[in-house]
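Worksheet for the structure shown next.
The shown structure was predicted, so the numbers you read here are calculated from the model rather than taken from an experiment. Letters go in sequence order (proteins before strands), and every chain restarts at 1.
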Amino acid sequence: MKITEQEVRYVAGLANLNLSDAEVARFLGDLDQILEHIGKLNELDTGIAAPMSQVLYEAEDTATLRPDVPVPPLGNQAALANAPDSGAGYFKVPQVIER
Amino acid sequence: MEIASLTIDEIREGLLARRFRAEELAAEALRFAEEENPKTGAYLHFSPERALSAARRVDEKIARGEEPGALAGVPVAVKDVIVTRGIRTTCGSRLLENYIPPYDATAIIRLEEAGGLILGKTNCDEFAMGSSTENSAFGPVRNPVALDRVPGGSSGGSAAAVAQGTAVVALGSDTGGSIRQPASFCGVSGVTPTYGRVSRYGLTAFASSLDHIGPFARTVKDAARVLGVIAGRDPRDSTSAEAPVPDYTKALDGNVKGLKLGLPREYLKDMTSESGSLIYRGVEVLRQLGCEVREIGLPHTDYAIASYYIIATAEASSNLARYDGVRYTSRSGDSATLADMYRNTRGEGFGAECKRRIMLGTYVLSAGYYDAYYLKAQKVRGLIARDFRQAFEEVDAVVAPVSPFPAFRLGEKVDDPLAMYLSDIFTITGSLAGIPCMSVPCGRTAEGLPVGMQILTRHFGEITMFRIADAFERAGGVN
């Protein structure tokens, strides 16, 4: 096994995902199978290869920077319009700190 | 006016000859799309007000004698992961069932500035994660060519709408094949441009280093025209490229004599199927047109799936962290604490495939695993990109299948996620390299199911890609 049930529950916690016991069992099997396949990468000696974190083309270092010009922001009302709960111009969430 | 088979040129001609007005066309296109949509479920919802007001602007320009734009009066379907101001954008997810974006994606702004009419938003796999559109929270899409089959994914709704004739062209998004594979399954053209060619501003992020917006169309020329409109530098996306946008349609002269095409020998073992033999026939057509075909090597192909599913899920687990029940997602009912609210909202809101990928992505990024998985995968990605660079020193384009098989039946593959991932093999390599690639129809199987041939070229080599696809289409393709 590449992954344990305990690790599945730990990772779900890191990802803020509430999983049912059935989902934990399912993902344990799925992830194990996928990680088994991914293990294939170890066959390959990538010692000196440079990691590719983005698609690069030949351009000046600053080619992608835009001028820093202020523009009107979205605005409070528009930003809050899709919030499940808001009030007094803020997003509202369940209590974070005990009084 | 035969709405289901219109092309961009026919619309332009009709408008300028005053045979019909854009508003009449929009109304008829909407009526037809709403009537036909229940057969496939390609669209999730329509945007008649927006389409009609855009049409009126086109009519006013024509009345004033002004140039109405390259896409004047063209009905467009838009994948529901691309935000549209004031029009619900669900990403195929329960979490965004009621989300109404306060802004437009850059591609949407450019489409409308060119006179395009946005008819509505199309169904897709949740957050574009899937290869069949069965992962949508709002039900699957049926393939218009064979209604018991999937349209492919994740941009299944956009491909189906164009194939069904309920849109002339459509926008989709592609991270590992989500435009090319549904295009091949539905028998239309689908284009994944060079990474950075089209601004991602307003495209809901799945895997930022791999995400693309691209067009679907019934002809190569129409796809080329749409790409010409949406491509180009956008200050709002720092990864969008400064490179000038050529007129892609100018190169479509049918002449491919002397072009060198490479057939990757690593792909041949997966081409023994009926789909594979159609690709061989397609290659033969190109040879007859004067292309030189040779075998080439892409030696790291076998490692592409593993590399992709590490990078894509790692980026996804980070990008999808924003759906937390605070700013725009729906929120789970009763939670005593903020942390519980996050966990319940996400646990109830995400479908199985999104959860699976968030889990995998979180795992590969978790403490102690970064070097073994993410860094390793990025190094392999570099090797795969190098394979292509070396190939393009020898050839002008690579030709390949899009999918190992044609459209499969609804429900046939939902229970085996790894098998579904493995079927992305032909599309993922081009995605990792960030090069332009497209699917062009390449005949049908004995059962009548469409097959797509993939054409891949070097960075910003879209002109060569379109030239080959167009010449192939003009020659009648295969059959």
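Under 4.0 Å is where a charged nitrogen must lie from a carboxylate oxygen, and between B:R356 and B:E353 at least one such pair does. By the 4.0 Å N-to-carboxylate-O rule, B:D416 lies too far from B:K413 to be salt-bridged with it. The pair A:D21-A:R9 meets the salt-bridge criterion, since a charged nitrogen lies less than 4.0 angstrom from a carboxylate oxygen. Between B:R197 and B:E462 no salt bridge is recorded (no basic side-chain N to carboxylate O distance below 4.0 Å).
For a residue to count as touching a neighbouring chain, one of its non-hydrogen atoms must lie under 4.5 Å from one of that chain's; by this rule B:M341 touches chain A with the side chain only. With a 4.5 Å cut-off on non-hydrogen atoms, B:P235 touches chain A through its backbone and its side chain both. Within the 4.5 angstrom heavy-atom criterion, no atom of B:S317 approaches chain A. Neither the backbone nor the side chain of B:Y323 comes within contact range of chain A; no heavy atom of the residue lies under 4.5 Å from a heavy atom of that chain. For a residue to count as touching a neighbouring chain, one of its non-hydrogen atoms must lie under 4.5 Å from one of that chain's; by this rule B:D324 does not touch chain A. Residue B:L210 does not touch chain A at all, counting heavy-atom pairs closer than 4.5 Å.
The neighbour count for A:R26 CZ, taken as heavy atoms of other residues, nucleotides or ligands under 6.0 Å away, is above 12.
Between chain A and the options B:Y99, B:Y342, B:Y303, heavy-atom pairs under 4.5 Å are most frequent for B:Y303.
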